[in-house]
2 protein chains.
Amino acid sequence: MKRKTFAGSPCPIARSLDVLGDWWNPLILRECTYGVCRFDGFQQWLGIGRNILTRRLAQLVDEGLLEKRAYQSSPTRYEYHLTEKGYDAVKVILAMMEFGDKWQFKKGKEPIRLFDADSGKRLHPIVVDASTKEPIDPRNITAGPGPGFPKIQSIRRQRFGDNYIE
Amino acid sequence: MKRKTFAGSPCPIARSLDVLGDWWNPLILRECTYGVCRFDGFQQWLGIGRNILTRRLAQLVDEGLLEKRAYQSSPTRYEYHLTEKGYDAVKVILAMMEFGDKWQFKKGKEPIRLFDADSGKRLHPIVVDASTKEPIDPRNITAGPGPGFPKIQSIRRQRFGDNYIE
DNA sequence: TGGTTAAGTTTCATTATGAAACTGATGATA
DNA sequence: TATCATCAGTTTCATAATGAAACTTAACCA
């Protein structure tokens with residue numbers, strides 16, 4: 001009975017979950033944005049078991065969200081730094097942060113605040129449509145198969161019905 | 001050795017992870033946006049074990065992301081519908097979707113497309129700052145303690161150093 | 001009488017997690 | 001020289017979660 005993986009799934013959510021759908025990985029990425037980059041740093045801030053941390057870091061490197069950089073030799077030791085892909089994952093985590101702020105804490109009682117490092121202005125991450133810049137209302141969206149959708153018509157129609165497009 | 005929970009954590013990310021940091025919950029929410037709302041529907045589309053599904057639905061109801069609505073009596077059967085909070089969680093999942101599209105599939109080969117239900121226009125969820133509407137660059141943000149940050153100065157200073165504010 | 005649908009439970013083998021102790025290489029201290 | 005401390009992991013082992021499949025309950029159908 002292996003743990004399920006969504007590595008081959010045609011759903012971008014499922015694929016993201018292989019690396020973000022976990023209790024630890026997003027927190028490790030959070031620590032990275034706070035400037036933590038070494039094994040013991042992650043371990044102490046998160047209280048994660050060292051064996052689990054080892055596995056998670058390896059996975060994040062493997063998936064390309066973190067890269068290992070040697071910062072000394074004899075013995076060689078590594079730091080873990082966010083990659084381009086890793087920084088993109090952080091955006092998802094910022095969305096999580098906003099969700100957490102809104103629903104888990106009283107208004108004005110949020111424990112963490114984000115600022116633009118240049119201007120020093122408060123930042124509030126929200127999810128909008130790229131072209132209109134209007135907030136997305138999940139109540140009002142429709143999903144349909146894209147070019148990469150598997151060519152199994154029955155499932156396609158079953159799932160998307162009238163939204164089926166060739 | 002209990003599974004760790006972040007229920008009391010002062011981090012909004014950690015708190016969100018208690019419900020979103022899981023392989024199944026985000027997919028269940030995805031199915032909800034696709035219109036699935038019954039036990040067997042979730043089970044068949046996701047291939048999730050029925051025992052696990054039972055637990056996950058209960059958790060999502062418990063956390064207020066889904067609500068149970070009886071759609072028939074004798075025997076009473078329930079449908080699961082997204083709440084206000086649930087729809088907000090979907091926004092996070094849309095951010096995941098964009099991440100998955102960008103990094104897991106070739107450009108123009110994304111398997112799922114989102115549309116505005118009214119206008120029919122393509123939607124691309126991105127994470128921006130609420131006031132400027134500028135995309136957030138995680139490379140250029142700073143975190144500092146907010147009003148809800150625990151009052152343990154040493155940790156506060158350790159973690160946020162110069163960003164410490166009274 | 002038997003079959004189907006729906007929404008779960010129960011059981012059990014397999015995995016993953018958490019805690020703590022241990023390793024190995026080096027540098028600093030007494 | 002002997003001991004301690006740091007860093008980045010492994011190893012071990014008890015406990016918890018997962019996945020698969022069979023079972024249950026309650027009603028309707030023919």
Side-chain angles (χ1 to χ4, degrees), chain A residues 1-9 14 17-28 31-32 35-63 66-81 158, chain B residues 1-9 14 17-28 31-32 35-63 66-81 158:
Chain A
M1 335 276 117
K2 273 186 194 148
R3 139 78 32 84
K4 228 160 228 184
T5 175
F6 304 114
S9 166
L17 287 172
D18 254 352
V19 63
L20 293 178
D22 169 70
W23 291 271
W24 292 121
N25 288 354
L27 293 176
I28 290 172
E31 291 305 311
C32 288
V36 176
C37 58
R38 296 185 186 176
F39 190 92
D40 276 19
F42 293 119
Q43 200 281 315
Q44 284 163 40
W45 282 113
L46 296 177
I48 183 176
R50 311 176 72 80
N51 45 359
I52 310 296
L53 178 57
T54 300
R55 277 219 287 280
R56 288 291 175 273
L57 288 173
Q59 189 198 358
L60 288 167
V61 168
D62 197 55
E63 299 265 6
L66 295 181
E67 62 172 359
K68 236 171 153 172
R69 277 187 217 155
Y71 69 92
Q72 72 166 43
S73 46
S74 71
T76 311
R77 296 223 171 110
Y78 297 94
E79 287 178 344
Y80 297 85
H81 290 274
Q158 247 182 290
Chain B
M1 334 273 116
K2 273 188 195 148
R3 137 82 31 87
K4 226 157 230 185
T5 176
F6 305 114
S9 167
L17 287 172
D18 253 352
V19 64
L20 294 178
D22 169 71
W23 292 271
W24 291 121
N25 289 355
L27 292 175
I28 290 172
E31 291 306 311
C32 289
V36 175
C37 58
R38 296 186 186 176
F39 190 91
D40 277 18
F42 293 118
Q43 199 280 315
Q44 283 162 41
W45 282 113
L46 295 177
I48 182 177
R50 311 176 71 81
N51 45 359
I52 309 298
L53 179 57
T54 299
R55 277 220 287 280
R56 288 291 174 270
L57 287 173
Q59 188 198 358
L60 288 167
V61 168
D62 196 56
E63 299 266 5
L66 295 182
E67 63 172 359
K68 236 171 152 173
R69 277 186 217 152
Y71 70 93
Q72 73 166 42
S73 47
S74 70
T76 311
R77 298 224 171 108
Y78 298 95
E79 287 177 340
Y80 297 86
H81 290 274
Q158 248 182 292

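None of the values given here were measured: they were computed from a predicted structure.
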Nearest-nucleotide 5' precedence on DNA chain C, I52(A) against D40(B): D40(B)
In whole angstrom, give the distance that lies between atom [atom1] of [X] and atom [atom2] of [N].
X: L53(A); N: dG9(D); atom1: CG; atom2: C1'; value: 9 Å
X: W45(B); N: dA7(C); atom1: CH2; atom2: P; value: 16 Å
X: K68(A); N: dG9(D); atom1: NZ; atom2: C1'; value: 10 Å
X: D22(B); N: dA16(C); atom1: CG; atom2: P; value: 15 Å
X: Q44(B); N: dG8(C); atom1: CD; atom2: P; value: 14 Å
X: I48(B); N: dA20(D); atom1: CD1; atom2: P; value: 11 Å
X: Q43(A); N: dC7(D); atom1: CD; atom2: P; value: 12 Å
X: L46(A); N: dG18(C); atom1: CG; atom2: P; value: 11 Å

Compare every heavy atom of [Y] with every heavy atom of [X], then report the nearest pair and how far apart it is.
X: E79(B); Y: Y71(B); answer: CG-CD2, 3.4 Å
X: L17(A); Y: W23(B); answer: CD1-O, 3.7 Å
X: V19(B); Y: Q59(B); answer: CA-NE2, 4.0 Å

Atom pair [atom1] ([X]) and [atom2] ([Y]), whose distance is rounded to the nearest 0.5 Å:
X: L46(B); Y: I52(B); atom1: CG; atom2: CD1; answer: 12.5 Å
X: L66(B); Y: L57(B); atom1: CG; atom2: CG; answer: 6.5 Å
X: Y78(A); Y: F39(A); atom1: OH; atom2: CZ; answer: 14.5 Å

Cation-aromatic face contact R56(B)/F42(B), 6.0 Å, 45 degrees: no
OP1 or OP2 of [N] under 4.0 Å from side-chain N/O of [X]:
X: K4(B); N: dA19(C); value: yes
X: W24(B); N: dG19(D); value: yes
X: R55(B); N: dG8(C); value: no

Write down the protein N/O and nucleotide N/O pairs, taken from nucleotides 25-29 of chain C, whose separation is under 3.5 Å; answer none if there are no such pairs.
none

Sugar-phosphate only, base, or nothing, as touched by F42(B) at under 4.0 Å among non-hydrogen atoms: nothing
Touch class at under 4.0 angstrom, heavy-atom based, for Y80(A) against every strand present: sugar-phosphate
Residue T54(B), side-chain heavy atoms: nucleotide from dG8(C), dT18(D), dG9(D) that is nearest: dG8(C)
First encountered from the 5' end of DNA chain D, between R50(B) and Y71(A): Y71(A)
Donor/acceptor link under 3.5 angstrom from R38(B) side chain onto base of dA7(C): no
